[in-house]
Amino acid sequence: MSTSSRPRLVAALAAVSLVAACSEGGGTGSGGGYPDRNITIVVPFSAGGPTDTVTRLIAEPMAKALGGQIVVKNVEGAGGTVAAGQVAQDKPDGYTVLMHHIGMSTAPALYKNLPYKPLEDFATIGLVTEVPMTVVARKDFPPATLADLTAYVKANAAKVTLANAGIGAASHLCGLLFQSATGVKLQEVPYQGTGPALTDLVGGQVDFMCDQTTNTSGQISAGKVKAYAVTTPERVESLPDVPTTTEATGGPRCGWAPATSRC
Ligand code: ASP
């Protein structure tokens, strides 16, 4: 493929996929082999979170396979839409790739003015992974189970805080589903990614959140946070004691079914 036809690329997490900016037929015409310089993968959330972790895991083998260098760059803000807007404006030459997530498809419904057109500005390279979500709380948060959590938020809505990685992030969508299923409006605390949100959860600055196992399983196993449920249809192998949302809400139907559930 010539550099002229290389699009802006996107990848997404929970699910994460790689995308790149689309070319309208013009080209950079470097003429050399690809890559002949560094490729940048833009992560739309903070360092240390799930999207960042997955990107850094694949960057090295990808660079080896392509025979070039890959630079990972974090561009935070507005649930990943700042990064997507920047990549959309970038030269569509295949050297700037966006690692995106489920928010790529939900942002148009949640933002009035997006700095990009999701379907026109990008070409998808491929799905990188799908990661289970967990519902986790600070370890001294009173509710012991998901059913207790539901009762607790109904009784204490005004003081319960729910962290997320910004509007449209998987953590935000999962929190919206929880609020819609329980009929309770909570105080949402947006972060630039769930990396810093989880740090605050461990430190007790926020009460609970949804986040991918990439970020949470180590902290759950170490007893640093309390886990209420995984949102997948089956339990997750690395967290055998954590029930699914279906089990935790008494099944057979999901009491609330975050994005990755298939109820
Ligand atoms: N993927 C995370 C979320 O669901 C954000 C992050 O990767 O930091 O909100």
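Just follow the structure's listing: the first ligand is 1, and inside any ligand the first atom is 1.
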Which donor-acceptor pairs under 3.5 Å do side chains of residues 60-70 form with protein atoms, sequence neighbours excluded?
none

- [ ] Output all residues satisfying side chain to side chain contact (heavy atoms under 4.5 Å, CB included) with Pro143, sequence neighbours left out; order by chain, then residue number.
- [x] Phe141, Asp148, Leu149, Tyr152, Tyr228
Task: Interfacing atoms of ligand 1 (cut-off 4.0 Å, heavy-atom, Ala165) - done: 5 (C), 9 (O)
- [ ] Please confirm whether Ser171 comes within less than 3.5 Å of ligand 1 when only nitrogen or oxygen atoms on both sides are compared.
- [x] yes
Open item on the list: Measuring from non-hydrogen atoms of Ser46 to any atom of ligand 1, is the shortest distance under 4.0 Å?
Closed with: no
Task: Ligand-side contact atoms (ligand 1) for residue partner Ala170, heavy atom cut-off under 4.0 Å - done: 3 (C), 4 (O), 9 (O)
Task: Proximity of His101 to ligand 1 by residue part, where a heavy atom lies under 4.0 Å - done: neither
TODO: Report yes if Gln212 has an N/O atom closer than 3.5 Å to an N/O atom of ligand 1; otherwise report no.
DONE: yes
- [ ] Using a strict 4.0 Å cut-off to heavy atoms of Gly193, name the atoms of ligand 1 that fall inside it.
- [x] 8 (O)
Open item on the list: For the 3.5 Å polar cut-off, considering only N or O atoms, please tell me whether Thr51 and ligand 1 meet it.
Closed with: yes
Open item on the list: Can you tell me if Lys185 has over 12 outside heavy atoms packed within less than 6.0 Å of its NZ?
Closed with: yes
Open item on the list: Nearest 0.5 angstrom please: Met104 CE to Leu98 CG, how far?
Closed with: 5.5 Å
TODO: Establish whether Ile167 and Val43 are linked, either directly or via other cluster members, by ILVMFWY side-chain heavy-atom contacts under 4.5 Å.
DONE: no
Open item on the list: Taking the six-membered ring for Trp, are Tyr95 and Tyr34 closer than 6.0 Å centroid to centroid?
Closed with: yes
